[in-house]
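Hydrogens, waters and symmetry mates play no part in the numbers below; they use all other heavy atoms, side chains included.
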Amino acid sequence: MSIAVDSPVVFLHPDDNIAIAKRAVAKGGELQVDALGASIVAADRIDIGHKVAIRPIAKGAAVRKFGQLIGYATEAIQPGDWVHSHNLSAGALSLQYEFATAVPPEPRRINGRTFLGYRRRDGRVATRNYIGVISTVNCSATTSKYVAARLDKSLLADFPNIDGVIPLVHKAGCAMQYGGEDHAQLARTLAGFARHPNIAAYIVLGLGCETGQASFLVNEHQLTQLEFPGMERKPLPLVMNIQDE
């Protein structure tokens, strides 16, 4: 549906059943709506910015502006009628807010295709061999970045199987309740970084006085040092605290 250029109303969305007056329309004024093939006569005075029906709207039916529900008709509304609080109310609205409820079918298995990757001992597959520098607290984040920058490509030239050293930093780790929700969430996230298939090995780097202690992270999530193929597995990850060093 479209509105003539010289019409005193503007039509906002194809799903709308109202138009908006861009200037005052006197009672009996014509509103040309091209898609209807005829003009609509204003049944009431329509002030600038107010709504006028351009389609019949049954009692209880939805009234739409910008294609969105703005309320329900409290009585039958005819084209040309002024739509306002005397014949429009919010009404009761019930919506479903479920998130990701659609369950897709299981993907079809692909056979006979391969890619260059790394199979970890737990069966997972990685596409990279990174060494991670995991910072326990914001106070060790800058140092973690310095460590990763120092171990640049020139130093790794003798180890072509290592794709790089990456700092895993954040802005938290202190000024929070020990063992509280924030602490648990941070530890869970850092443990997820440590266990990611693309992290072949890592060091946990702390300051020493923070709430998010490296010992909590290691013990709570039972972290063990990962390994490159052929390396012996160590029982605990390498942990360093700046204040100790």
Side-chain angles (χ1 to χ4, degrees), residues 98-104 106-107 109 114-153 155-156 158-245:
E98 291 90 345
F99 177 74
T101 55
V103 180
E106 288 291 329
R109 184 181 180 89
T114 62
F115 68 93
L116 293 176
Y118 303 91
R119 188 182 299 278
R120 303 304 185 195
R121 290 187 178 182
D122 60 6
R124 294 185 300 169
V125 176
T127 58
R128 297 290 187 273
N129 251 350
Y130 285 129
I131 296 176
V133 183
I134 302 175
S135 176
T136 62
V137 65
N138 182 44
C139 303
S140 62
T142 299
T143 303
S144 297
K145 293 177 182 179
Y146 286 153
V147 170
R150 182 67 179 84
L151 297 172
D152 57 17
K153 291 184 178 180
L155 290 175
L156 295 177
D158 293 334
F159 305 92
N161 60 321
I162 299 177
D163 291 302
V165 181
I166 55 174
L168 297 166
V169 301
H170 52 91
K171 296 182 179 181
C174 209
M176 58 185 180
Q177 179 187 357
Y178 185 86
E181 290 185 4
D182 291 341
H183 188 189
Q185 178 175 264
L186 176 61
R188 187 168 62 247
T189 303
L190 297 180
F193 284 142
R195 290 197 175 102
H196 194 282
N198 285 345
I199 299 296
Y202 58 87
I203 177 176
V204 178
L205 182 59
L207 177 62
C209 59
E210 65 270 19
T211 305
Q213 287 289 312
S215 57
F216 179 93
L217 170 64
V218 171
N219 296 333
E220 190 75 9
H221 292 277
Q222 300 179 340
L223 294 184
T224 58
Q225 179 62 38
L226 305 182
E227 76 291 321
F228 292 109
M231 291 178 59
E232 292 185 3
R233 189 177 185 87
K234 297 181 180 179
L236 291 176
L238 179 58
V239 174
M240 295 181 68
N241 282 315
I242 296 171
Q243 292 173 349
D244 292 338
E245 298 301 324

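Listed for the D163 side chain is a donor-acceptor partner under 3.5 Å among the backbone atoms of N129. In this structure a side-chain-to-backbone donor-acceptor pair under 3.5 Å is present from S140 to L205. Between the side chain of D182 and the backbone N or O of Q185, no donor-acceptor pair lies under 3.5 Å.
Contact of the Q243 side chain with the C209 side chain is registered, since non-hydrogen atoms from C-beta on lie closer than 4.5 Å. Using a 4.5 Å cut-off on side-chain heavy atoms (C-beta onward), H170 and L190 make contact.
In the displayed structure, E98 atom CD is contacted under 6.0 Å by more than 12 heavy atoms of other residues, nucleotides or ligands. Within 6.0 Å of the CE atom in M240, the count of heavy atoms belonging to other residues, nucleotides or ligands does not exceed 12.
Rounding to the nearest 0.5 angstrom, the gap separating the CZ atom in R188 from the CD atom in E220 is 10.5 Å. We find the OG1-CG distance between T136 and L168 to be 12.5 Å, quoted to the nearest 0.5 Å. Distance check: I134 CD1 to I203 CD1 gives 10.0 Å after rounding to the nearest 0.5 Å. Distance check, rounded to the nearest 0.5 Å: OH of Y118 to CZ of R124 gives 15.5 Å. Remark: C174 SG to Q213 CD distance equals 9.0 Å, nearest 0.5 Å.
Closest of all the heavy-atom pairs between L223 and A191 is CD2-CB, 4.1 Å. Closest approach of V204 to A214, counting heavy atoms only: CG1-CB, 3.7 Å. The two atoms that bring V125 and R119 nearest to each other are CG2-NH1, 4.2 Å, heavy atoms only. The shortest heavy-atom contact between P167 and S144 is CB-O, 3.7 Å.
Of the candidates T143, V169, L151, V165, V133 forms a side-chain contact (heavy atoms from CB on, under 4.5 Å) with just one, namely V165.
A centroid separation of 6.0 Å or more is found between the aromatic rings of Y202 and F193. A ring-centre distance under 6.0 Å is not found for Y130 and H196.
With respect to R120 and D122, no salt bridge is recorded, no charged nitrogen being found less than 4.0 Å from a carboxylate O.
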